[in-house]
Amino acid sequence: MSELLQEIEKRRANRALSEEKIPDETLARIMTAATYAPSCFNSQSWRYLVASDDGALAKMREALTEGNYWAQKAPVLIAVATKIDLDCQLSDGRDYAFFDCGLATQNLLLQAIKEGLYAHPMAGFDPLVVKKNFDIPEEFTVITLVAVGFPGSDAHLSEKHLKLETSPRSRKPEQEVICYNAWGL
Ligand SMILES: Cc1cc2nc3c(=O)[nH]c(=O)nc-3n(C[C@H](O)[C@H](O)[C@H](O)COP(=O)(O)O)c2cc1C
């Protein structure tokens, strides 16, 4: 197995985060990794708001849903935002802003794993609270928050989340999502 595939497989949506601070240089490398993603016409439509000081973290934490209680411990919470006109918009409805943010954010997640961190994207937050707390202009969509932290204790995790932490990976069979040479899905 190639090394990169091993790294990709290693990434999991872990929740047992430590509150230990992430060194600034490590955080900077993770963010740089995001910026090397490809994007339509090199539009680079991703916008990242990195919350790492107490004030910013409190504002970001306020937006988390109850189900994401575990992310309250994260020493870094990153908001991923974009607006549709920052990227290619094709006449048949193909808007690439969200796609390109996904590519960049996966880079960020993989670099985080390489740095010995967990990095977990979330939809469970109120985007309007994030926008209000940080004065993000109306036209932006806050797509996801990413909780980042070193591996920590799992003592505070619910039974369900504790099980997920070490459960086998769950993936659709490849023939359900990939076909070769002719459409068969
Ligand atoms: C866009 C997106 C939103 C997600 N939202 C949440 C969330 O709010 N809370 C959570 O615990 N996990 C969330 N996840 C993590 C997924 O549940 C997880 O990636 C999926 O179950 C596959 O597990 P794996 O990442 O460990 O392979 C989200 C993942 C993505 C990509």
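Whatever order the structure lists them in is the order used to number ligands and atoms, beginning at 1.
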Around Lys114, counting heavy atoms of other residues, nucleotides and ligands shown, do more than 12 lie under 6.0 Å from its NZ?
no
Got Val129 and Phe125 here, is their nearest side-chain heavy-atom distance under 4.5 Å?
no
Is any side-chain heavy atom of Leu103 closer than 4.5 Å to a side-chain heavy atom of Pro38?
yes
Distance only, no hydrogens: is a donor on one side chain within 3.5 Å (strictly under) of an acceptor on the other, for Ser18 and Tyr118?
no
Within the structure provided, determine whether Arg47 and Leu86 are in side-chain contact (heavy-atom separation under 4.5 Å).
yes
If you look only at pairs with a residue in residues 64-78, which of them pass as a side-chain hydrogen bond (donor to acceptor under 3.5 Å, both in side chains), with sequence neighbours excluded?
Asn68-Trp70, Tyr69-Ser158, Tyr69-His161
Using heavy atoms and a strict 4.0 Å limit, residues surrounding ligand 1 turn out to be Arg11, Arg12, Ala13, Arg15, Asn68, Trp70, His120, Pro121, Met122, Ala123, Gly124, Arg169, Arg171
